[in-house]
Structure formats: C-alpha cells, structure tokens
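Accompanying notes for the structure given below.
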There are 2 protein chains.
Amino acid sequence: MPFATLPTPCVLIDIDRVTANIRRAQDYANSHGFALRPHVKTHKIPTFAHMQVAAGARGITCQKLGEAEIMADAGLDDILVSYNIIGFDKLARLAALARRVKLTVAADSAHTIAGYLRTARAANVQFDILIECDTGGGRCGVQTPDEAVALAQMLDGGTGARFGGVMTYPAAGKTALAAEWLAVASARFDAVGIPLPVVSAGGTPDLWRAHTLPGLTEYRPGTYIYMDRSQVAAGAARLDECALTVLSTIVSKPTPNRAIIDAGTKTLTSDLLGMDGFGHVLSCPDATLTGLSEEHGILRGGGLPRIGDRVRIVPNHACVVSNLFDKVYVVSGDRVVDAVTVAARGCVT
Amino acid sequence: MPFATLPTPCVLIDIDRVTANIRRAQDYANSHGFALRPHVKTHKIPTFAHMQVAAGARGITCQKLGEAEIMADAGLDDILVSYNIIGFDKLARLAALARRVKLTVAADSAHTIAGYLRTARAANVQFDILIECDTGGGRCGVQTPDEAVALAQMLDGGTGARFGGVMTYPAAGKTALAAEWLAVASARFDAVGIPLPVVSAGGTPDLWRAHTLPGLTEYRPGTYIYMDRSQVAAGAARLDECALTVLSTIVSKPTPNRAIIDAGTKTLTSDLLGMDGFGHVLSCPDATLTGLSEEHGILRGGGLPRIGDRVRIVPNHACVVSNLFDKVYVVSGDRVVDAVTVAARGCVT
C-alpha cells in the first residue's frame, strides 16, 4: 500500500534510513572501541531496540522505569535506567526489574544511593549504579569529581547495589567541557583506588565527537535512530538521513501565502529547540511552518500546495512526536511495510 | 486513597473545581441568552462531556473526527466538528457520523463544501455546515464577509449538506475585532436574505467577553473546564480555579538553588504561550520552572523542596497535557475518587 493513502496526520518511519542510522553509529562506536547503549526514549518500540542490539549495541538505555518494564517484557535483558529512582513504590519496581534483567541505574545524591542500598538488601537483588555527573549540562548530576568519589565510596563493599562507574549527559556542543571534567574525575577515582568500569556519556548532537571523551566506555545516543531537524541544525545528520516524517494534509488555504495543515502541537509539539519554525516541510522549500495551534499548522510563503495536497514534515524533535502516537507506519520508499505500536508511549512513571 | 501516594508524574483533576467551572460558564451563557457548546479537545473524556451537557450545554465541539467518533460511541448526540474535513476516507467517516448524531461541520472553501455536497448526496445523510470566518485569528477562515456569503450560496437549496450559519475562532484579546467582522457579515447575509441560524465563536481567554459579540448564538470554550496558567495570565481564571495539576517528585537537587522534578516535556509539553517558565509550581512561590527536557524539569530559585518531596504544578496549557496521559486521577481535596481514561487521547485524525 502506498503511504499516500494513510489517514493524516500520521508518523512515517523510513526503515531503510533507520537501518542505515543504526549501522552508521554502531560502526563509529566500533571503530573507536566504545560500546553503544542506545536510548530508547526516541522510538519506544521494542522491535527497534532489538535491531539496535542485533547491530552490536551492548544493551539499551531507558529514562523511566515504565519504559524499562516494557522493554524487559519484550526480552531486552541489559538495561540502564539513566534516572534517579526515588520513593518506595518505584524502588520496589526497580527491584522487580533487577530480578529480570542485567540492570544499571543512575544516582547523583546520597538520598538516592541510600534508597538503592536499602532496596538491594531488602529485596536481595543485584544491580549496578552509575554516579551521574553534571559536566556542564546543568540538569542532574554531582557538581564536582570529589562528590562523585564520595558517593562511590558509599557503595564500597556493596554486594547488591554495586558501584558501576560514572555517567553524564553533556551540554550540547560542549564536549570539550565534559572531556575536561571526566579527565579530572578519572584521576580522582584513580587516586583513591576505585576503578571505573563504565564511563558513559550521551546525546546525539555530539555523537560523532564521542571518541574525544577520555576513558569513554559507552555512549547513549537516542535520536540518532530517527534523526530530526534539530540534529540537522546541530550538524549531526543530513536531511536525507531523517527517518521520521509526519504526513499531513492541507485543509485550508485562506490566502495565497497561507496554507493550513492538519498537524498542530498535538502532532508536532511546540518544541523549537532554538530554531525558527515548527518543522521542515519537504517539497515546500520556500514555505515556513510559522505557527501551530493544537490541531492546525500555519504554513506561510510562496509555492504553497493546494487544499487536499499532502506534505511530509521533518519535525524539530522526533522523540516527542513519536511519544504522541499509538502507532507509527513503517515505510520503504513510498510503500507501507508495517504498522508498529509505540509500546512505551506515555510511560512517564 | 490520598493522591500523595500516586506514582509520579501524574495528572490530577479536581472534580469540585471542574463542577464549579462548568457551572460558572453555563450560568454566564444562560444569563446572556446564548448556548454553550464546549470543546472537548481539552479533556477528551466522555464523562466530562456528559457533565457539560447535563449542566445545560447545547452539545459539544470536537476538532477532529476521531474525537467525535469516541464521543458518539459514548452517547453524545449533538456534535460540531469545527474543522474542514478533506479527502475521501474522512468524508466517508463524516457520513457515518452523520447517521449517528446531529452533526455540524465547518468549511472555509469551495473545495471543502464541494466534498460535503458530494458526500451528503452519495451517502444520503444530513448535516449542517458553518462557514468558518477569519475575524483576525489568522488561522483558517474566509477573509471577507462576501466570501462567507458566496460559500453559503453554494449550499442554497441543499437538502443533505445544509447551510447552518457562521463560526469563528477570534484572535485572543481581540473580541472587538471579531465583533466588527461579525456585524458586517450579518448585514451582508441579511442583504441577500440568508438567515443565520448559528453564529458561533470560541476561546476561553475571551469567554467572559462573549456577550459583546453581536448576534452570538453559541460559544465553544474548551480550556474553561480545567483552566490553566495561560488562562490565569489572560485574566480568564484565578489560580484557585485551575482544576488540572501535575503531581511531580523532586528527584535531584544538584545545588541549593536547583531542584530537578520528574516531569519534562513528555508531561508538561514545551508550550510557553508567551509566558516565562513552564508551569506554576504551587507551594514554591519563589521558584521558577526554567527549563524542561523530555523527562526532567529544572526548578530554580529559593525555598526549594527536598529530594523525595512532591509538588503540584499548574501547567501553562492544560489541553496538551491531558493529551499525553492515558488516564487522569480525579481528586476531591486530597483524596483520589476515580481514575478516568482519556478516551480520545491522541485522536488526531
């Protein structure tokens, strides 16, 4: 079936580009001797996670327990939950997960680590802990290498909750800053005689600079499987490597220079990520998606399509788009070859 | 059960505020002699649509056919789809819907109307058509009253697809502009002897100015049932009238002035709607939600809570938040009284 007949708006996944994107990143990691641990938050689809592992990935990364549970249900057996897991109920879920898979989890505070130690002891389970380091991203993470060492020492001799290494989500475009931070941290750990089995970083914008991070053992790119307009802007991908597009129909053309599409923030989200416009409309090079309301997009410029015509849009941010859809259509060329459920969609807990 | 024990992040709906918000808007409409036709895009929950109708609403408004189909399945029987329905498959769904409910639909072009006329004839169904007018909103809609009259005349004598009146979604804060436009349009329709059974406008920001629109017969507010931070900013609601909040946990506190919550754009979306910050954090009056990534929110300021503490957030935009969740928790005071499926979540087609 040609995708042109699908109800719009809908998400198309070009499977040939997905395959090539997975291959390219894995080859890059292989050639530099570090492991890939793809972040599934982008696709939230077990089949794609299995493709990533089959291509050579060490395991997968999830941001939330709910995603990890879905992936474990589907047979993924080596999972990093790159998040501080807080609270009795969530720690119970963490313990249940540790019984099923080789589990690693993040921590950036004594509070978090105390919970992990209690959980591992009470539930008699084993998992590894990576100390999350704020190397310039300004989100989670300890502020200094000394704090990282101090947290690692809390885990000294732990048999259930074991120290596994360090992780960071560097600020986009600031790989050098993260490299400096990790070098200092590595020296500090060395000085106290604690080995660093894992040094983990992530982020697709700087994926191709990962090899410049000292002592890196694994990298956690997410968006690279689909790529998107923000990655093209960051220089991490070409437009013709973007695998996720939104198919949309022109539903109104109130003026010659304004066309309205049936995709709004409930399809594309309002993520701008520092760019102008809410997506790149293929086949309309002179038009800009200047505004979105919930179910309408406003396309302005010259050479606009007619009412009833369809356009394909490369969204600003693929990860939040796929999270809005229960299923995506897998296409090869102009043919639909599958429809796949976004199994971990909406798993925010 | 107290809501404090729910897994976070999650959406809480204060049912007492919902009831009061529905009542307040209906009383206002009643007192000014126009009908209310609430837009269900905000809640996407049939139970709440039935509450709106029970309070006196004429019927409901949906933006997409998928929403209307879910509402029709649940027994809502008077539906306006305020959208240009384009394409063979969607027109077939429109015809199927017209067999089940009293249906009204929007049009702003000869293309759209031709499709409606063909559909009504071929399927032998009846529905009403409102001509959508761009009274300053700059989205869909005919640009002049004369165009509206010309489209209405295309429907002259139609027995299946019948002219029903005009509708507009005025620019926020520009009710006077819409009023002027509608007054001119009304005179034009008068001059050609076409009555206007329905004059419909919408939008919660200007809900309380609806009575200043000349000849208004119905109003389509959506957000009013929940209200949100943007409506408070627009002066349409007080903070203590906001019925939808997001419950979130502090998962990290890297510095004394930075706390990280477990709600990001996959919970709150990146909608700013012209405001600073991504939501109003109740109980943290000195803190600002300065940034979101997909699963983290960054709270900066003084008096921040501790790791493990929970906060309630009034989001910038309630409609896009509820569209991210499969279910919401109905609360009264601090008790959970129900968990309701967001039945039309993700119905963008």
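Remember, predicted model here, so these are calculated numbers, not experimental data. Order of the sequence lines fixes the chain letters, A, B, ..., with proteins taken first and strands second; residue numbering starts at 1 for each chain.
For Lys266(B) (side chain) and Cys347(A) (main-chain N/O), no donor-acceptor pair under 3.5 Å exists by modelled atom type. The main-chain N or O of Arg139(B) is found under 3.5 Å from a side-chain atom of Arg258(A) such that the two form a donor-acceptor pair.
For chain A, the option among Cys319(B), Gly291(B), Gly297(B) with the highest count of heavy-atom pairs below 4.5 Å is Cys319(B). Between chain B and the residues Arg93(A), His296(A), His111(A), Lys64(A), the largest count of heavy-atom pairs under 4.5 Å involves His296(A). With chain B as the partner, the residue from Gly115(A), Pro9(A), Ala263(A), Ser109(A) showing the most heavy-atom pairs under 4.5 Å is Pro9(A). Annotation: maximal heavy-atom pairing with chain B below 4.5 Å, among Gly308(A), Cys140(A), Gly346(A), occurs at Cys140(A). Among Glu294(A), His317(A), Gln63(A), the residue with the largest count of heavy-atom pairs under 4.5 Å with chain B is Glu294(A). Your options are Ser252(A), Cys10(A), Ser293(A), Gly264(A), and the one with the most heavy-atom pairs under 4.5 Å with chain B is Ser252(A). The greatest number of non-hydrogen atom pairs below 4.5 Å with chain A, out of Asp271(B), Leu324(B), Asp89(B), is found for Asp271(B).
Taking 4.0 Å as the cut-off between side-chain N and carboxylate O, Arg345(A) and Asp326(B) count as a salt-bridged pair. Between Lys41(A) and Glu295(B), no side-chain nitrogen of the basic residue sits less than 4.0 Å from a carboxylate oxygen of the acidic one, so the salt-bridge criterion is not met.
Using a 4.5 Å cut-off between heavy atoms, Val348(B) contacts chain A through both its backbone and its side chain. Heavy atoms closer than 4.5 Å to chain A are found in both the backbone and the side chain of Asp262(B). Both the backbone and the side chain of Ile307(B) come within contact range of chain A, each with at least one heavy atom under 4.5 Å from a heavy atom of that chain. For Arg310(A), no part lies under 4.5 angstrom from a heavy atom of chain B. Interface remark: Thr8(A) contributes backbone and side-chain atoms alike to the contact with chain B (heavy atom separation under 4.5 Å). Heavy-atom distances place no part of Leu272(B) under 4.5 Å from chain A, backbone and side chain included.
We find the CZ-OG1 distance between Phe88(B) and Thr5(A) to be 12.0 Å, quoted to the nearest 0.5 Å. Interatomic distance, CG of Leu273(A) versus OG1 of Thr265(B), reported as 8.5 Å (0.5 Å rounding).
For Ile298(A) against Gly138(B), the heavy-atom pair with the smallest separation is CD1-O, 3.5 Å.
Tested against Val251(A), the residues Thr112(B), Ile86(B), Ile85(B) include a single side-chain contact (heavy atoms from CB on, under 4.5 Å) partner, Ile86(B).
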